[in-house]
Amino acid sequence: MKAYAQPIKRLIAELAKLPGIGEKTAARLSNYILRATEDDVRKLAESIIEVKRRIKLCRICLNPTEDDTCYICQDKTRDQEIICVVEEPDALAAIEESGVYHGTYHVLHGALAPLDGIGPENLRLNELLLRIGSGLIKEIILATNPNVHGEATALLITRMLQEKNIKITRIAMGVPMGGDLKYIDKMTISKSLEFRRGM
Amino acid sequence: MSARESHKTAGFVLRLLHYGESDLIVTFYSSDFGKLKGIAKGAKRSKKRFANVFEPFSLTNIIFTRKSRDMLAFIESCEIIEHYDIVRRDLEKTLTASYFIELADHFCPEGKKNEKIFDLLQTFLALLGTGKASDALVRFFEMRLLKFAGFEPALDHCISCKAPIANGSSYYFHAREGGIKCASCAKPERYDQPISAGTVRTLLMGKDMDIDKIKLIALTDSLALESRNLLVGFISHVLNREVKSLKVMEQVRKFCT
């Protein structure tokens, strides 16, 4: 770092704050930025600022969007009676990539994590309750992660909604497609046998 | 340069810390080394080497190397012994198990072996699997953990006049002095809550009671409240910090009523 001029040092220090970027990678990126054209660098800087300025959470599902509501909530052809509850926007993106789900979503922005002090008050559950209160919703799909935190969150939502007349479903658990049974851990195997289906 | 020694032990997963893009720093409570901290390289990416093992309160078999006792262990491999699947299927049980391991984490210093605490975790997590997450189970766990960690409160006599517990009397708990005082020694203020001799006797009984009998005990509402206030107050005084899982447990109860 010593050999670099002060502005480069500052750029390296800023880049190194990004997740997964160490000092060496930050130095490599700053060298790329130095060599890039002024136009490319301006586009990069503007896109970072634009993301911060224009992205907000969808008023309905809390997915990041640049409008008041996201493109999924605006799409009237989607099934408005089903909500798929996910922990984070990247889980929503993964389900959308599959192309098989045509309902709406709700992003909790976290999962119940007792050891980290993350409780129901830290999750966007009240917004979900408000949506359900409208009386339009027929089914809730709990697509939280299949780990202790995700399972606890799914159990919490189930308990919250048990008095309501809504179908509550949980995404299936088991062996992944293209997997090899001999490499699968015993809990996944036991879940796949528990949730086996008729043929 | 000293060579890395390889070790194998069983341990409960207490805590995870995300380190960099793909590594995890895992804290275990192990049978042979007490509280143990180690780095699992590539754990967030590896679906084969560390698949599903670093879940809170799971019991695992750990193989690790380290240069010396005060250095971070390098986790070579980790296999599941017990997932406590029945606990994970129940919200109340999951919250209680989280509370157990958080207390074990706070009360145990790193690198100090205490087999009794390891056995306590194993026994009470198994009890959670087979029975209810009752108030009695939680209070008796707290009593035993305090005892094994060297913070057992003095409940069998008044800490001032040394008079043993008498039926029908009221007592006052003094967290700072670590024990109860009888009504005449305590000089209670109006806002001090008395504790019945029945509550004190139940806690003393639960500390050494046979494991098989614990699930048969059901505390009355007043007994549950008194014993909770006494032990939770004492634990937060000793730790001088907030127990996060307890706060979440209370939030969940409030949210679901």
Side-chain angles (χ1 to χ4, degrees), chain A residues 16 18-23 25 110-123 125-126 128-129 142 144-164 170 173-176 178-194, chain B residues 13-23 27 44-45 47-58 78-85 87-103 105-106 241-257:
Chain A
L18 298 172
I21 309 279
E23 205 176 283
T25 312
L112 203 65
L115 295 164
D116 301 320
I118 299 171
E121 288 173 11
N122 305 95
L123 308 176
L125 291 166
N126 287 326
L128 178 65
L129 283 175
L142 299 170
T144 51
N145 290 331
N147 54 28
V148 170
H149 296 160
E151 285 295 305
T153 312
L155 289 167
L156 173 73
I157 297 172
T158 309
R159 200 195 271 188
M160 269 166 47
L161 304 179
Q162 64 190 0
E163 311 263 291
K164 311 233 187 258
R170 178 87 175 106
M173 281 168 236
V175 290
D180 189 333
L181 286 182
K182 63 177 176 284
Y183 294 121
I184 310 287
D185 67 285
K186 59 184 182 184
M187 189 162 191
T188 308
I189 293 269
S190 68
K191 290 284 175 196
S192 72
L193 285 169
E194 189 185 337
Chain B
V13 177
L14 298 183
R15 204 152 29 100
L16 295 180
L17 183 71
H18 294 265
Y19 188 76
E21 190 74 340
S22 58
D23 306 340
T27 309
K44 285 196 265 180
R45 285 197 182 134
K47 289 282 167 279
K48 283 181 187 164
R49 201 154 69 109
F50 295 122
N52 255 336
V53 284
F54 300 129
E55 289 284 317
F57 58 80
S58 288
C78 195
E79 279 173 13
I80 279 287
I81 300 173
E82 178 62 63
H83 274 115
Y84 295 103
D85 187 39
V87 175
R88 289 170 61 165
R89 286 167 189 247
D90 184 295
L91 182 59
E92 202 64 40
K93 289 182 181 183
T94 302
L95 294 169
T96 307
S98 304
Y99 180 57
F100 287 172
I101 58 160
E102 188 178 0
L103 284 190
D105 186 17
H106 289 333
R241 70 197 294 175
E242 184 187 47
V243 182
K244 289 175 179 169
S245 51
L246 190 71
K247 189 188 87 181
V248 171
M249 212 188 285
E250 276 159 13
Q251 260 188 36
V252 168
R253 280 183 192 154
K254 219 165 69 185
F255 210 79
C256 294
T257 48

*Contact part of A/Asp185 toward chain B, heavy-atom cut-off under 4.5 Å: side chain, backbone, both or neither?*
side chain
*Interface moiety of A/Pro146 toward chain B, non-hydrogen atoms closer than 4.5 Å*: backbone
So what's closer than 4.5 Å to chain A heavy atoms on [X]: side chain, backbone, both or neither?
{"X": "B/Arg15", "answer": "neither"}
{"X": "B/Leu14", "answer": "backbone"}
{"X": "B/Asp90", "answer": "backbone"}
{"X": "B/Ser98", "answer": "both"}
{"X": "B/Tyr99", "answer": "neither"}

Heavy-atom side-chain proximity of [X] to [Y] below 4.5 angstrom:
{"X": "A/Leu115", "Y": "B/Asp105", "value": "no"}
{"X": "B/Phe255", "Y": "A/Asn126", "value": "yes"}
{"X": "B/Ile80", "Y": "A/Met187", "value": "no"}
{"X": "A/Glu151", "Y": "B/Glu55", "value": "no"}

*Winner by heavy-atom pair count (cut-off under 4.5 Å) against chain A, out of B/Glu79, B/Met249, B/Glu102*: B/Glu102
*asked:* Looking at B/Gln251, is its backbone amide N or carbonyl O close enough to the side chain of A/Glu121 to form a donor-acceptor pair, meaning the two atoms are under 3.5 Å apart?
replied: no
_For B/Thr94 versus A/Ala152, what's the shortest heavy-atom pair and its separation?_
CG2-CB, 4.3 Å
_Nearest atoms (heavy-atom pairs only) where A/Pro114 meets B/Leu95_ = CG-CD2, 3.7 Å
*Whether over 12 other heavy atoms sit under 6.0 Å from A/Glu163 CD*: no
Distance from [X] atom [atom1] to [Y] atom [atom2], nearest 0.5 Å?
{"X": "B/Ser245", "Y": "A/Ile118", "atom1": "OG", "atom2": "CD1", "value": "13.0 Å"}
{"X": "B/Arg88", "Y": "A/Leu155", "atom1": "CZ", "atom2": "CG", "value": "11.0 Å"}
{"X": "A/Thr158", "Y": "B/Leu91", "atom1": "OG1", "atom2": "CG", "value": "9.0 Å"}

_Under a 3.5 Å cutoff, is there a donor and acceptor pairing between the side chains of B/Asp85 and A/Ser190?_
no
